[in-house]
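This structure is in structure tokens; I'll ask about it shortly.
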Amino acid sequence: MESSRSRKRTRQELDGAGAPPPEREVVARGGVSPPWRDDDRDGHYVFDLGENLTRRYKILSKMGEGTFGRVLECWDRDTREYVAIKVVRSIRKYRDAAMIEIDVLNRLAENEKYRPLCVQIQRWFDYRNHICIVFEKLGPSLYDFLKRNRYQPFPVELVREFGRQLLESVAYMHELRLIHTDLKPENILLVSSEHIKVPSSKKNSQDEMHFKCLPKSSAIKLIDFGSTAFDNQEHNSIVSTRHYRAPEIILGLGWSLPCDIWSVGCILVELCSGEALFQTHENLEHLAMMERVLGPIPEHMIRKANSSAQKYFKRGTRLNWPEGAVTRESIRAVRKLHRLKDLVAKNADHSRASLADLLYGLLRFEPSERLTAQEALDHPFFRNPAPT
Ligand SMILES: Nc1ncnc2c1ncn2[C@@H]1O[C@H](COP(=O)(O)OP(=O)(O)OP(=O)(O)O)[C@@H](O)[C@H]1O
């Protein structure tokens, strides 16, 4: 658990959304609460579809699962609308993290102008030792959408729209000195599930025309504020999902707002190419991939790396690669990666120069040289889109 997740707040202090008194086993409009069952061994709430979650919500389906808990699609009998309820695992550290998430969600909701950018919390309650956060129901994540489309990339115009909204939400969080720390396509949801089918340029082996899906609307919202950190603390822990993790985190240099910007850079490349930029599970290979795509890691960063990261370098100045590689496949995986500008040229036509320039700004090794979210929004890629 990251240190940022263990900042505990009391429920009274946090609840802006009006938590009800603890659930009693009441006979409900529309049914009764199910009999008490033990949680599963990971602390997840055990349920059957069609059951009630308090007397107010009927469980319709499971929409997702993460480290913190499960997200259930429910019918709200009071408002007569569908909602997504995150039912958090009944384990202390996840309950504590959920309270931070609620705090962050309430802070983000304070500014009317930015409400369309981040998922809206409706209320929260504590049910059988599970914190339940009720959200507006959104559509699939950008990752789910890519996956269903057999990882065919999004057109650059759509990446521009996604990028703009993503950076606007990050700029807003950073203005509030909040660091998301877990930006990734799984945590960016389309607002609507509606899509259209269009012919894709790729043909299959039988020379049949392929189709791909495009969302009808480009509106997206950011979710999952369970790992959000406050920019007033020392940050040395390991954060972010591997593929989107910034170099300063791996090198143990401490991290702050720019780690979100690095993740945004990785996400934009992935949306353009259909594949995660750094597909790795190991630090040395990860750093080697970064050097392959972006050029050498600056020496001053190598010199400051913490003791556990020093082993990735030779004579304290150069990455121990390929000598330190664990397998030949690993060396091949790094070698087959394209340089960033070639990768962009492969996937974007008309906007390639400005997109590559933006990405180099987002993916600077040195965090203090990385574009801020606001600077990125002012970049020509967003200001002067090339005519299509
Ligand atoms: N408001 C929502 N509407 C629709 N689906 C949602 C909503 N919120 C979450 N989901 C789905 O549930 C999944 C898990 O949600 P979330 O990322 O908040 O959980 P988590 O336990 O914090 O995950 P992680 O392990 O990434 O931290 C999402 O990837 C998404 O598919």
Side-chain angles (χ1 to χ4, degrees), residues 1-2 4-6 17 39-40 42-45 47 53 57 59-76 79 81-106 108-109 115-124 130-148 166 169 173 178-195 215 217 219-229 237-245 260 263 266-267 270 276:
M1 174 64 46
E2 282 69 69
S4 57
R5 285 184 182 164
S6 58
D39 294 331
D40 73 12
D42 297 320
H44 282 294
Y45 177 65
F47 63 93
L53 184 76
Y57 302 101
I59 303 173
L60 302 178
S61 69
K62 189 172 107 175
M63 304 183 83
E65 177 159 341
T67 326
F68 289 67
R70 292 180 173 143
V71 177
L72 308 180
E73 180 194 22
C74 295
W75 174 250
D76 182 342
T79 59
E81 62 185 6
Y82 296 100
V83 289
I85 305 185
K86 184 158 165 174
V87 183
V88 175
R89 290 160 70 182
S90 59
I91 294 171
R92 183 64 182 264
K93 62 181 177 182
Y94 298 114
R95 287 178 56 87
D96 289 348
M99 299 317 294
I100 294 178
E101 178 161 21
I102 291 164
D103 182 20
V104 171
L105 285 158
N106 285 331
L108 291 172
R115 284 201 189 155
L117 299 171
C118 302
V119 68
Q120 290 301 294
I121 178 175
Q122 295 185 347
R123 56 200 287 271
W124 71 276
H130 295 270
I131 305 273
C132 298
I133 311 178
V134 185
F135 293 106
E136 58 177 329
K137 186 190 151 196
L138 299 171
S141 72
L142 293 185
Y143 176 75
D144 289 334
F145 203 93
L146 271 176
K147 190 168 157 198
R148 275 182 230 156
L166 177 57
S169 50
M173 287 192 78
L178 297 173
I179 317 167
H180 187 287
T181 80
D182 199 16
L183 297 174
K184 55 182 175 179
E186 288 88 331
N187 285 339
I188 304 167
L189 302 197
L190 287 157
V191 172
S192 158
S193 308
E194 287 193 306
H195 57 268
S217 156
I220 52 167
K221 289 195 183 202
L222 203 54
I223 65 159
D224 194 0
F225 300 91
S227 310
T228 298
S237 50
I238 299 292
V239 285
S240 305
T241 298
R242 161 65 73 182
H243 304 338
Y244 310 92
R245 187 174 294 155
D260 280 344
S263 306
C266 298
I267 294 168
E270 182 168 343

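Note that these values count all heavy atoms, side chains included, but never hydrogens, waters or copies made by symmetry. The first residue in the sequence is number 1, and the count goes up from there. Each ligand, and each atom within it, is numbered from 1 in the order the structure gives.
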Those atoms of ligand 1 less than 4.0 Å from some heavy atom in Glu186 | 29 (O)
Could you go through the salt bridge (Lys or Arg N to Asp or Glu O under 4.0 Å) check for Arg89 and Asp39 one step at a time?
-> CA-CA 9 Å; Arg89 290 160 70 182; Asp39 294 331; over 6 Å; no
Within the 4.0 Å heavy-atom cut-off, what Asn187 brings close to ligand 1 is side chain
Flag side-chain contact, heavy atom, 4.5 Å: Met99 against Trp124 | yes
Counting heavy atoms only, which part of Phe68 comes closer than 4.0 Å to ligand 1: side chain, backbone, both or neither?
-> both
Go through ligand 1 atom by atom and flag the ones less than 4.0 Å from a non-hydrogen atom of Phe135.
-> 1 (N)
Number the atoms of ligand 1 from 1 as they appear, then name those within less than 4.0 Å of a heavy atom of Gly69, with their elements.
-> 21 (O)
Does an N or O from Glu101, backbone or side chain, lie closer than 3.5 Å to an N or O of ligand 1?
-> no
Ligand 1 to Asp224 polar contact by distance, N or O atoms, under 3.5 Å = yes
Do Val119 and Asp224 have side-chain heavy atoms sitting under 4.5 Å apart?
-> no
Taking N or O atoms only and a 3.5 Å limit, does Ile223 qualify as a polar contact for ligand 1?
-> no
Under-4.0 Å heavy-atom contact with ligand 1, by part of Val119 that carries it | side chain
Between the candidates Ser193, Ala84, Gly66, Gly139, which shows the shortest non-hydrogen contact distance to atom 2 (C) of ligand 1?
-> Ala84
Residue pair Ile179 / Met173, side-chain heavy-atom distance below 4.5 Å = no
Any side-chain heavy-atom pair from Leu222 and Leu108 closer than 4.5 angstrom?
-> no
N or O pair under 3.5 Å between Ser141 and ligand 1 = no
Applying a strict 4.0 Å limit to heavy atoms, is Lys221 in contact with ligand 1?
-> no
Examine Trp75 together with Tyr82 and report whether their ring centres are nearer than 6.0 Å.
-> yes
Backbone N/O of Gln120 and side chain of Glu136: donor-acceptor pair under 3.5 Å | yes
Would you say ligand 1 has an N or O under 3.5 Å from any N or O of Glu136?
-> yes
Should Leu189 and Lys221 count as side-chain neighbours, where that means a heavy-atom distance under 4.5 Å?
-> no
What atoms of ligand 1 come closer than 4.0 angstrom to any heavy atom of Lys86?
-> 16 (P), 18 (O), 19 (O), 20 (P), 22 (O)
Any salt bridge between Arg70 and Asp40, counting N to O under 4.0 Å?
-> yes
Note: Lys184, heavy atoms under 4.0 Å from ligand 1, region reported as side chain
Using a 4.5 Å cut-off on heavy atoms from C-beta on, say whether the side chain of Val87 contacts that of Phe47.
-> no
